[in-house]
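Since this is a predicted model, take the numbers as computed values, not measurements. The chain is numbered in sequence order, starting from 1.
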Amino acid sequence: MANPFSLIIAGVDSGANLLDLPAPTATTTPYVDLASVSMTLSADGSPGAMNFTVIEPKTPSGTTPWWRSGGVYDNARVQFFDSRYHATTPLFLGYISNINGEILENGVGTRATVQVTGVTGWLQQTIVRNGKTG
């Protein structure tokens, strides 16, 4: 049975599923270490959380790691899907709140520990003002 889960970070690898392992020849394609995925969902109004590690075996020559590529913005959207329930509605929706990166032991790639806060956390920080009109 194929893996029913998918994890997408806006701006990374053209929206590809980062839980899919890349082909051995795709040495610059980032992927998520499956053993590192940890998720907490919350139904009591507090934000859920997700943590995972993204490995980029080889950073493309002349560029920066995936999180500094210019395509991944601050607070980039993260979606986690389980196709057994729904293929287009995420089971978890959040935004990147912290990235801790380091160079891999091979010296040419990177490992980034990513912390994600559930979308409720963003909504709690948003201030909506009702301006006067008239």
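- Taking every heavy atom of both residues into account, Pro24 and Thr27 meet most closely at O-CG2, 3.7 Å.
- In terms of heavy-atom proximity, Ala76 sits nearest to Ile9 at CB-CG2, 4.3 Å.
- Here the CG atom belonging to Asp20 is positioned 11.0 Å from the OG1 atom belonging to Thr29, to the nearest 0.5 angstrom.
- Linking Ile, Leu, Val, Met, Phe, Trp and Tyr residues whenever their side-chain heavy atoms come within less than 4.5 Å places Val114 and Trp67 in a single cluster.
- Within the structure, no pair that satisfies the ring-ring contact (aromatic ring centres under 6.0 Å, His included) test touches residues 7-26, not counting sequence neighbours.
- Note on residues 88-109: pairs passing salt bridge (charged side-chain N to carboxylate O under 4.0 Å, His left out), not counting sequence neighbours, are Glu102-Arg111, Glu105-Arg111.
- Residues Ile96 and Met39 fall within the same hydrophobic cluster, defined by Ile, Leu, Val, Met, Phe, Trp and Tyr side chains chained together at heavy-atom separations under 4.5 Å.
- Distance check, rounded to the nearest 0.5 Å: OG of Ser83 to CG of Asn3 gives 8.0 Å.
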Just distance, no hydrogens or angles: give the donor-acceptor pairs under 3.5 Å from side chains in residues 47-57, sequence neighbours left out.
residue: Glu56; atom: OE1; partner: Thr59; partner atom: OG1; Å: 3.4
residue: Glu56; atom: OE1; partner: Trp66; partner atom: N; Å: 3.4
residue: Glu56; atom: OE1; partner: Thr110; partner atom: OG1; Å: 3.4

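- Evaluation of the salt bridge (charged side-chain N to carboxylate O under 4.0 Å, His left out) rule for Asp82 yields Arg84 as partners, not counting sequence neighbours.
- Note on Leu41 and Leu19: same hydrophobic cluster, where clusters join Ile, Leu, Val, Met, Phe, Trp and Tyr whose side-chain heavy atoms are under 4.5 Å apart, directly or indirectly.
- Atom CG in Asn98 sits 4.5 Å away from atom CD in Gln115 (nearest 0.5 Å).
- When the side-chain contact (heavy atoms from CB on, under 4.5 Å) test is applied to Asn106, the partners found at least two apart in sequence or on another chain are Leu104, Val108.
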inquiry  = Let's go through Val116 and Phe92 carefully: what are the C-alpha distance in whole Å and the side-chain angles of both, what is the deciding distance for side chain to side chain contact (heavy atoms under 4.5 Å, CB included) to 0.1 Å, and is it a yes or a no?
reply    = CA-CA 10 Å; Val116 179; Phe92 179 92; 3.6 Å; yes
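- Leu93 and Phe81 are not part of a single hydrophobic cluster, where members link through side-chain heavy atoms under 4.5 Å apart.
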Stepwise side chain to side chain contact (heavy atoms under 4.5 Å, CB included) test for His86 and Thr88 = CA-CA 6 Å; His86 203 279; Thr88 58; 2.9 Å; yes
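- Ile99 is connected to Leu18 through a chain of hydrophobic side-chain contacts under 4.5 Å among Ile, Leu, Val, Met, Phe, Trp and Tyr, so both are in one cluster.
- The ring-ring contact (aromatic ring centres under 6.0 Å, His included) pairs that include a residue from residues 3-40 are Phe5-Phe80, where partners are two or more places apart or lie in different chains.
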